[in-house]
Each structure stands twice: as structure tokens, then as C-alpha cells.
Amino acid sequence: MVSLSQLNNLGYAQTKPVIDENVLYQQHCQTCHGKNRLGGHGPALLPGNLSRLKPVVAEKVINDGRPATQMPGFSSVLNQQQVTALVKFIYQPPTKAPQWNLTAIKNSHRMLVPTSQLPKKPTYQADIMNLFVVVESGDHHVTILNGDTFTPIHRFKSHYALHGGPKFSPDGRFVYFASRDGWVSKFDLYSLQTTAEVRVGLNTRNLAASADGYYLMAANYLPNTLVLLNSQDLSVKDIIPVSDGHGKPSRVSAVYTAPPRNSFIVALKDVKEVWEIPYNQQGANQLRQLSVLPEQSLLLPASPFTIKRIPVTDYLDDFFFDANYQHLVGTSRETHNGNVIQLDQGKKIASIPLTGLPHLGSGIYWTINKQSVMATPNIKKGIISIIDINNWKVIKEIPTEGPGFFIRSHKNSPYAWADVFFGPNKEKVHIIDKQQLEIIKTLAPMPGKNAAHVEFSKDGRYALLSVWDMDGALIVYDAKTLQEIKRLPMKKPSGKYNVYNKTHYAEGTSH
Ligand code: DHE
């Protein structure tokens, strides 16, 4: 008979399941949530970040995964005791509280190429306004694509896990990226090089660029701050600690630019408020004066901004705007209804039935017989909701083959493209007639592989679709005939952004 020690030596003995939470965390969570729970591709797992999540729900998330995110379920890998140990672990305060203060931000700032050394014109032949910036999240690269010939002009390594849309300077020359681990970088499309970078936080959500081109505002989960940057050199101009009137801190879910209002609008995660921060003339003048200081200037003036707090009845984690930025439609991830907030009045005026949160900034708008409508996917149900924005009523729910993430169109296109991001039909994309509100065609460009996120060329003649896979592709379609024109192999090309559409806040895309 073989003894236990002999079995052990042969590697056959049944191993006792690990219940050391540190080991479990390093094995299963660390790659996405960061070595010290500070966040990476996934959010930070610290008590402050989990304040709205009950431990029993955290346990369910670890077991079953979280829909609409990259979080998988672990019930087939971890037993109940291990899951409980992990939950206990993530709710414990870290031995050393994470800090990312002004000094840390200043020390991280790097001016890589002074503005004075940048060329006056593009160093290559292409219509700058019809370039696409393609984020390849598979290997953390960005491709700059010629939108007339669909040939790549340049490919470069980005910071780890860029997420959300890059933002552009008003003339389209510069692109600003934010990574989940807090880096903001500035890239020059004329000379194809990164000119400056700065780390604004430990776990960052996104970035907004003011419509006048002077400011960038970054939104952080960790620490609970908004960070204002001078868009010229990415020097820090202000850090706004985020809390309610009684000092209760909040993570920042996202920050957006509302161009006609000349303001930033901020979604808060842990406080029932929406913030509007006007970048008013006085502020702009102050910053204009500051931007003539030497580029490495690390002076921090008093904030030129005042914050308008709009109290809301629920947490509004996610939202999108109507065409004139008069209203925002915000959703709480718990209650799943859309709250319509009139921004001038600073109050809720309607509620829209939505099933599951739409992904942030997911809504698009167009007109049907002079009537303005908005459309949004519902992440938990296979429907596209069409909303009449005169009365905020859902006029149609278009059934799809599964819940989707993104819907996109262009003013010159009769169609809206909606992906089926989740479930067995994730390879499919529906083409919807914007007047008839019917699906007229369903594409499945790479069977078994997730097809998602569309952006149109400047004139709307072509639609570019991603296949989200390490052996994925960017596929160019004729937006009228729906025929495939070109297929470019890419590493999980998550989002693509057309310079003209973004700088003109075009109808049918995100802003
Ligand atoms: Fe996103 C945009 C938040 C999960 C891909 N996503 C955004 C924006 C926010 C956001 C705040 C708007 C940024 C902007 O444009 O300034 N995303 C969230 C979440 O809270 C959520 C649900 C959970 C999370 O992990 O943070 C989430 N997002 C995902 C994904 O799992 C996706 C599919 C893959 C990934 O890269 O993480 C994903 N998000 C995207 C993309 C955009 C985006 C491609 C830009 C869309 C656009 O056209 O502008």
C-alpha cells in the first residue's frame, strides 16, 4: 500500500484548500484589484470603496460575478469558507492608509516634450479630423488610424488599463488619456508622441476636458477627489476633496463636460448629490495668466471654481445628457430607474423605467418627424429603450438578442448600431432603422467572439466595429450597404474615437 507521504512526494495527495485570505487574494484577486487592494483593472477593494456594498452582497459577487463588468464568478474555484475569508479580508482597513496627495501628484508630473519643441504641422499626410484613436486593451496599446484609408499610422504603448473615452483639445490636435491606475497623459497627434503625464490618483474613473480647452478634470475613486489640471502641461491646479455638506466623503463615479453650460458635471457614488462646476470667465482668466508661467510650474492657486450641489433622492452613479445639456438622465445601480434632472432648476422632473443600469454615457439621440428621441441599452435586459424627450415617456422597447453595452449612430446614417454584449449571443450586433424603430439586420462578424462598440467616420459613411478578443479585429463597414470593407487584426480593441465626431460633440456618439 502507498503511504500518505509517498503520495505527497508523488504530488497525488489531495491538497487541503487554502483559507489564508492573503494567499487567496494574491491568487485570485490581485491581478485585477491590485497588489495592495488599491485597484487596477478592477476597482479598489478597501472598506471606503465598499461602503455601499453589504458583505453578504460581496459574497454573492465573488460567487456569481458581477454583470456588466469584467468580474467573473468564482463559485467553481473557491469553497464557501474561502469566499467568507476573502470577504472578511476586503472589509479590513489596510495596515497603511493609502495616500495620494498634492506632493505625490507633483512628484509624478513629467513634461516629456516642451510645447515649444512641437512641430507646427502634422509630420505625415492625413486628415487630422478624420483620425481614429483606437484603444487596444488586450496589450495596453493605442493605434492611430487614418479614417480615409483605414491604415494604421502609429501604434504605441499606453499606461495600464485605459478605460473610457480619451478626450481631445478643441482643435483635435491633442488627446488626453486616463488609466484606471490614475495616470493622465497627453499625446500630440501632429508629432505622434506623448508630451506630458501625471498621476492624479490611485484608482481613477475618467477625465473630462473643458470645451474652452483650458482645463482637464479627473475623477477618482481613490482618494475621494477631483483633480483639476492645466491642459497645456498637465500641471495640477486644484484638488477638490469630495464630500457632502456634513463631511461624508464620496468616491467620484465620473465627470463630464457640458459644453453649452461651460461646466463640468460630476456623478457621485456615495453621496446623494450631483455637482455642477462652472469653469466661468473669471476662472478661465486666472488660468490663462497661470499658463504663461514656466511649464514645470507647480504653483497651486486657490480654486477658481465654485461648486453647485444638486440634491437628488437617490445615488446617481451613471448618467447621460440630452442634446442641449439641459437635462441629465441618471441611474442608481440599485434601483435601476432613470431619474431626469433639469439642470437649471436643479431638480428631478421625471422618472423613466429602465431595466438595469445603462453603461455610462450610453444614450444617443436623434429626431423622428421633428420629435427628439433618446435611445439607451439596458444592461440587465435585452432591450433598447426609446424615450420621447418632450415628455420623458418610453415610446418603444426594441427587443434584442441579449443585454448590450453600447449604441451608436451618426447624423448622416439612417441606422443605429447596438451590440449584444452579454450572454450566448455576444457575437451579434443589431442594426436598427432609426425611423421605423425596427432591427433590419443582425451581424455576427466573428462567431463566438464578442462584437461591440461602434464609431462612425467623420462623414458617417463608414462604421467601425470592434471584436473584443486578443485575436480580435477592427472591422470597417460601409454604413449604408452594411458590407464589410476592411478587417484589421487588433488586440481587444475596446473603444475607438473619431477626432471630428468627438471635438464636434456629434450626434450619435459619446462626448
Ligand atoms: Fe466603461 C466608458 C464606467 C465597465 C468599456 N465607462 C465609461 C465611462 C465610465 C465608465 C465612467 C465614461 C468615461 C468617459 O468617456 O469619460 N465602465 C464603467 C463602470 O462603472 C463599469 C460598469 C464597471 C467598471 O469596471 O468600472 C464599466 N467599461 C466597462 C467594461 O467592462 C468595459 C466593457 C471594458 C473595459 O475596458 O473595462 C468598458 N467604458 C468602456 C468603453 C468606454 C467606457 C469602451 C468608452 C465608450 C465611448 O464610446 O466613449
Side-chain angles (χ1 to χ4, degrees), residues 32-33 39-45 49 61 65-72 132-138 140 142 158 160-168 175-181 184 203-209 216-222 251-258 264-269 315-321 330-333 356-364 377 379-380 403-410 417 419 421-422 426 450-456 464-466 468-469 472 474 491-498 501-502 505-506 508-511:
C32 289
H33 295 282
H41 199 80
L45 295 177
N49 291 63
V61 173
R66 190 186 264 290
T69 70
Q70 308 291 316
M71 173 72 186
F132 285 86
V133 173
V134 188
V135 173
E136 291 185 66
S137 55
H140 310 284
V142 173
S158 70
Y160 175 78
L162 298 183
H163 173 231
K167 300 290 151 39
F168 293 85
V175 198
Y176 306 98
F177 297 98
S179 70
R180 288 198 190 246
D181 61 0
V184 172
N203 192 196
T204 293
R205 295 293 290 167
N206 80 328
L207 176 78
L216 301 176
M217 186 73 97
N220 287 327
Y221 263 7
L222 196 67
R251 290 166 289 167
V252 187
S253 192
V255 56
Y256 298 93
T257 295
F264 293 116
I265 312 269
V266 185
L268 303 184
K269 191 94 187 153
Y315 300 105
L316 297 188
D317 300 305
D318 313 322
F319 41 70
F320 50 89
F321 301 89
T331 58
S332 149
R333 293 195 177 179
L357 73 132
H359 187 245
L360 293 95
S362 64
I364 61 166
I379 276 179
K380 289 198 180 145
F405 237 130
F406 303 104
I407 182 164
R408 293 285 181 261
S409 186
H410 189 280
W417 297 51
D419 53 52
F421 203 91
F422 304 100
K426 63 180 186 184
N450 207 344
H453 194 273
V454 169
E455 171 85 307
F456 284 72
L464 278 63
L465 168 69
S466 291
W468 291 43
D469 193 89
L474 188 75
K491 303 273 180 221
K492 208 175 175 195
S494 55
K496 64 220 68 74
Y497 310 91
N498 178 276
N501 293 341
K502 294 299 170 200
Y505 302 96
T509 189
S510 66
H511 300 155

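All ligand and atom numbering here is 1-based and tracks the order in the structure.
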Under 3.5 Å, N or O to N or O, is K167 touching ligand 1 that way?
yes
With a cut-off of 4.0 Å, which atoms of ligand 1 are near a heavy atom of A254?
11 (C)
Which bit of F319 is near ligand 1, meaning a heavy atom under 4.0 Å away: side chain, backbone, both or neither?
neither
Does a donor on one side chain sit under 3.5 Å from an acceptor on the other, for S466 and K492?
no
For the pair V255 and N206, evaluate side-chain contact (heavy atoms from CB on, under 4.5 Å) and give the outcome as yes or no after the intermediate values.
CA-CA 7 Å; V255 56; N206 80 328; 3.5 Å; yes
Using a strict 4.0 Å cut-off to heavy atoms of F421, name the atoms of ligand 1 that fall inside it.
33 (C)
Proximity of L207 to ligand 1 by residue part, where a heavy atom lies under 4.0 Å:
backbone
Among F321, F320, F264, which residue meets the side chain to side chain contact (heavy atoms under 4.5 Å, CB included) test with Y256?
F321
For Q70, the ligand 1 atoms whose distance to one of its heavy atoms is below 4.0 Å:
30 (C), 31 (O), 32 (C), 33 (C), 34 (C)
Who gets closest to atom 33 (C) of ligand 1 by heavy atom: Y221, F405, F406?
F405
Numbered atoms and elements of ligand 1 in range of R180, under 4.0 angstrom, heavy atoms:
24 (C), 25 (O), 26 (O), 35 (C), 37 (O)
May I ask you to decide if the ring planes of F406 and H453 are parallel, tilted or perpendicular, using 30° and 60° as cut-offs?
perpendicular
Heavy atom under 4.0 Å from ligand 1: found in R408's side chain, backbone, both, or neither?
side chain
Using a strict 4.0 Å cut-off to heavy atoms of Y497, name the atoms of ligand 1 that fall inside it.
44 (C), 45 (C), 47 (C), 48 (O), 49 (O)
Roughly how far, to the nearest 0.5 Å, is CZ of F422 from CZ of F405?
4.5 Å
Numbered in order shown, the ligand 1 atoms found under 4.0 Å of a heavy atom of S510 are 47 (C), 48 (O), 49 (O)
Looking only at distance, does H453 have an N or O less than 3.5 Å from an N or O of ligand 1?
yes
